[in-house]
Amino acid sequence: MRVLGKLFKKSGNEAGQHASGGKKRRLFAFFDRFHTAEWEKNPKVQFLNKYSLLFHGLLACILVLAIEWMSRHSLTSALSFCFGTPLTFLYNVFLVFASLLIVYLFKRRAVVRIIITVFWILLGVINGCVLANRVTPFNFTDLKLVGDLLDMKNSKYLSLAGEIVAIVALAAVVFFVILLIVKGPKFSGKVHRIRNAACLIACVFSIPFVTKAAINSDILSGYFGNLAQGYEEYGFVYSFASSVVDTGMQRPEDYSEETIDAINDSVDVEATTADTGDLPNIIFVQLETFIDPYELNFLQYSEDPIPNFRSLMENYSSGYMTVPVVGAGTANTEFEALTGMGIQFFGLGEYPYKTVMKDTTCESIAGDLKQIGYGTHALHNNGGNFYSRAHVFSQMGFDSYTSKELMNITEYNELDSWPTDNILVEETSKILDSTENQADFLYTITVQSHGSYPTYQVFEDPAIEVTGGETEEEHYQWEYYINELHEVDQFIGDLVNELSARDEKTILVLFGDHLPTMGLEDSDMNNGNIFQTTYATWNNFGLELQDQDLTTYQLGAYITDQLGIHEGTMFRYHQSAMKDGTVGTDEYVKNWELLQYDLLYGDRFSYDGQDRYPASDLVMGTEDVVIDSVAYSADQAQLILTGQNFTPWSRVYVNDAQIDTEYISGTQLSVAAGDVPDGASVVVNQVGSSSTIFRSSNGVIFHADGSITAAVPESGEPEA
């Protein structure tokens, strides 16, 4: 550092003596000194070069400590990890050290060293920011969700000020690195690239063997039942690296056609006994971040926040439900509930919706129920592209999907961040009305109680008074969350009333997808498990009350079994295991994994090698969007389109190009008259993120006198 100081001072003086060079000359003066013989012959520089491997090891230790400090938000906790589990710490150091060996392939070692250091520090900063807002740490799959996060309204991990600081800091680092590339020092000795590359390759190839040995010695673990706990116990570097390379499912050693046939032959479940002419509607409602508030042992309430849900728990089948995630990861709870498959068999932090489901069809409860005549639908008051659901639900065989773009949403929660759930009552009825003389399966996903939860007062006069928070900020977080649950509970009551008024046999299943992101630990819960939420049911045809604790992947099998429905490979397997009491045994888990591999990655021996569950022609929404008329406004400046089923996501397209559209109501849209020339084709599209068109209206031809005629498509027939 003293050498750098002298060089900096000298270069600064020299720059001052040559002021004619301007600011640019002064800026580069410091870097120019790196090219002098004085720098290359400096004893301290030569010492650092001679023992660079040793110093790289020291740098790797410092980086791991810094990353853990940022991730844990505590230097004490980081030091405890380093000295409390030294072998695990050294394994993380080994991975960082291996990346630093790349330096020896280049002349500009300082530049490469800084780039690698910045990379690791940046990952630590990102993880620290993520963990400040959710329980689940940063993993590789999160990079595939960046588009979804950008679409989430008012739910960013950084404030505007934080984003500005981050952008400025990154820009400064990039600028500094560019200067180093242009003007930075070069290694004066010979670069033995072949030798150095061989050492790098040997080190990289040794990583799997070292990792396996560490796992066998219990220094590391190959699977994290709790992702957050895994990161804390085994370090960010190892955990994040595992999420990069550990994706999908590994082929089980005993996977074969004979093994799969033997498993399927062992399933002891009779064929469907339900009367296919009198099937009940089956409605699953996955409640966003919904729990029984009385499971929180440190809070008190002025009254029961969820009386409607409580009434269902007391009068119909209910119980605890173990989910695969906590604080985030809605789509993984959803995947297990819909497929009967297990997230535990995938890579660390993986979202199957973003990996295998992108190009692989998947048996689901929707596809199974279609086999016996059900109409199958999904409903969600959030974006259709979020978690790639519009694509995934097609891969799962759903007939229709009504996302927010197909709903006339005008009410939002108190933060104006998420739509309220009450609109789902009306949308449920629309979906059930869309299929005459047919039983329906509907999978609904709510959103109102989604985080984040503010640390300031939102409710001036809350319906539910909450006490027990340790700080004022924590109090306001819990007050907001509990009162949102109370409003969601009102939606539940309204939904039950709506279904009760219909003359259709129906079973309703409601369950929370995960606990909220507010630092909860097992000790905070009366049930002692932050991976447990609660489910409750309702029915109008006298189904026997059978309380039982379940896992997400068993839920569909359990409900359909009560109805006498025994369809699908995975659900029949779970039904058989629940019948003979083998649930949870090693053999049960092993055979379950084999079946899952067979259906998603293997040769589909369960289907005799065929694709019995092809992707569906998914229709977005169940109601037509219609243009009835177009008229000039009083001042002739605007055109008012009158029609049916418009939403805030309706956009007018003129000659296949989108124009500025003002939403007025569910029956009216407004556009500038100058944007619609005489003879133009006009259509209203329901548009999601990335300009995805989910549904289109009838096409019309606009005439200058304000009249319209039906557009004639290429087929020669007017559009309906």
Minimum heavy-atom separation for Ala390 and Phe694, please, with both atom names. CB-CE2, 4.0 Å
Show the nearest heavy-atom pair for residues Val447 and Asp421, with the distance to one decimal. N-OD1, 3.2 Å
Given 3.5 Å as the limit, does a donor-acceptor pair link the side chain of Asn540 with the main chain of Glu504, or not? yes
Counting distance only, does the side-chain N/O of His514 pair as donor-acceptor with the main-chain N or O of Val325 below 3.5 Å? no
In Å and rounded to the nearest 0.5 Å, what is the CD1 to CD distance from Ile565 to Gln575? 9.0 Å
Backbone N/O of Ser311 and side chain of Asn308: donor-acceptor pair under 3.5 Å: no
Looking at CD of Glu232 and OG of Ser239, how far apart are the two atoms once the value is rounded to the nearest 0.5 Å? 10.5 Å
Can you find a pair of side-chain heavy atoms, one from Ile492 and one from Phe290, that are under 4.5 Å apart? yes
Would the distance check show the side chain of His486 and the main-chain N or O of Pro305 forming a donor-acceptor pair, the cut-off being under 3.5 Å? yes
Tell me the closest heavy-atom pair linking Thr552 and Val323, and the distance in Å. OG1-CA, 3.3 Å
Taking the side chain as C-beta and beyond, is there a heavy-atom pair between Asn281 and Leu442 under 4.5 Å? no
So, Asn413 side chain and Thr420 main chain: donor-acceptor pair closer than 3.5 Å or not? no
Pairwise side-chain contact, Gln448 with Glu484, heavy-atom cut-off 4.5 Å (strictly under): yes
Is any side-chain heavy atom of Leu312 less than 4.5 Å from a side-chain heavy atom of Thr537? no
Answer yes or no: is there a donor N or O on one side and an acceptor on the other, between the side chain of Ser317 and the main chain of Gln546, under 3.5 Å? yes
Identified ring pair (Phe, Tyr, Trp, His ring centres under 6.0 Å) partner of Phe393 from the options Tyr401, Tyr387, Phe335: Tyr401
Classify the ring geometry between Tyr535 and Tyr558 as parallel (under 30°), tilted (30 to 60°) or perpendicular (over 60°). perpendicular
Considering only heavy atoms from C-beta outward, does the side chain of Thr534 approach that of Phe309 to under 4.5 Å? yes
In this structure, CG of Asn527 is separated from CG of Asn297 (nearest 0.5 Å) by 9.5 Å
Taking side chain as C-beta onward, heavy atoms only, is Cys362 less than 4.5 Å from Met341? yes
Please walk me through it: do Glu350 and Asn139 pass side chain to side chain contact (heavy atoms under 4.5 Å, CB included)? CA-CA 8 Å; Glu350 182 172 351; Asn139 61 82; over 6 Å; no
Hey, are Thr692 and Ser690 close enough side-chain-wise for a donor-acceptor pair under 3.5 Å? no
Can you see which heavy atom on Thr444 is nearest to which on Leu424, and at what distance? CG2-CD1, 3.9 Å
Can you name the one residue among Tyr481, Tyr294, Trp478 that meets ring pair (Phe, Tyr, Trp, His ring centres under 6.0 Å) with Tyr301? Tyr294
Against Thr435, only a single residue in Thr622, Thr376, Asp399, Asp440 fulfils side chain to side chain donor-acceptor pair (under 3.5 Å); can you say which? Asp440
Asp549 side chain to Gly319 main-chain N or O, any donor-acceptor pair under 3.5 Å? no
Any donor-acceptor pair under 3.5 Å linking the side-chain atoms of Gln686 with those of Ser650? yes
Candidate pair Leu415 and Tyr480, rule side chain to side chain contact (heavy atoms under 4.5 Å, CB included), full reasoning: CA-CA 10 Å; Leu415 295 180; Tyr480 174 80; 3.5 Å; yes
I need the Ile282 CD1 to Leu369 CG distance, nearest 0.5 Å. 5.0 Å
Run the salt bridge (Lys or Arg N to Asp or Glu O under 4.0 Å) check on Arg310 and Glu314 step by step: do they pass? CA-CA 6 Å; Arg310 182 92 49 215; Glu314 293 172 351; 5.3 Å; no
Does Glu465 CD have over 12 foreign heavy atoms under 6.0 Å away? no
Exercise: identify the closest heavy-atom pair between Glu405 and Thr647: O-OG1, 2.9 Å
Is Gln490 close to Asn422 at the side-chain level, that is, under 4.5 Å between some pair of heavy atoms? no
With no hydrogens and no angle check, do the side chains of Thr551 and Gln554 hold a donor and an acceptor under 3.5 Å apart? yes
Side-chain donor/acceptor of Asn332 to backbone N/O of Tyr351, under 3.5 Å: no
Show the nearest heavy-atom pair for residues Ile409 and Pro648, with the distance to one decimal. O-CG, 3.3 Å
Could you label the plane-to-plane angle of the Phe441 and Phe284 rings as parallel, tilted or perpendicular, counting under 30° as parallel and over 60° as perpendicular? perpendicular
Pair Phe491, Leu287 - check side chain to side chain contact (heavy atoms under 4.5 Å, CB included), show working. CA-CA 11 Å; Phe491 147 72; Leu287 300 165; 4.3 Å; yes
Anything under 30° is parallel, anything over 60° is perpendicular, the rest tilted; go ahead and classify Tyr553 against Trp592. tilted
Any donor-acceptor pair under 3.5 Å linking the side-chain atoms of Thr85 with those of Glu233? no
Measure the spacing between CZ of Phe386 and NE2 of His380 and express it to the nearest 0.5 Å. 7.0 Å
Got a donor-acceptor contact below 3.5 angstrom from the Thr247 side chain to the Gly347 backbone? no
Do the non-hydrogen side-chain atoms of His377 and Thr402 ever get within less than 4.5 Å of each other? no
With Tyr353 as partner, the option from Glu334, Gln395, Arg389 fulfilling side chain to side chain donor-acceptor pair (under 3.5 Å) is Glu334
Test side chain to side chain contact (heavy atoms under 4.5 Å, CB included) on His73 and Leu131; report intermediate values, then the result. CA-CA 9 Å; His73 307 143; Leu131 287 176; 4.1 Å; yes
Does Glu498 form a side-chain hydrogen bond (donor to acceptor under 3.5 Å, both in side chains) with Thr428? I'd like the steps, not just the answer. CA-CA 9 Å; Glu498 178 71 16; Thr428 296; over 6 Å; no
Is the backbone N or O of Phe531 less than 3.5 Å from a side-chain atom of Thr322, with the two atoms forming a donor-acceptor pair by type? no
From OG1 (Thr333) to CZ (Phe511), nearest 0.5 Å: 7.5 Å
I'd like to know if the side chain of Thr467 pairs up with that of Gln300 as donor and acceptor (distance under 3.5 Å, no hydrogens or angles considered). yes
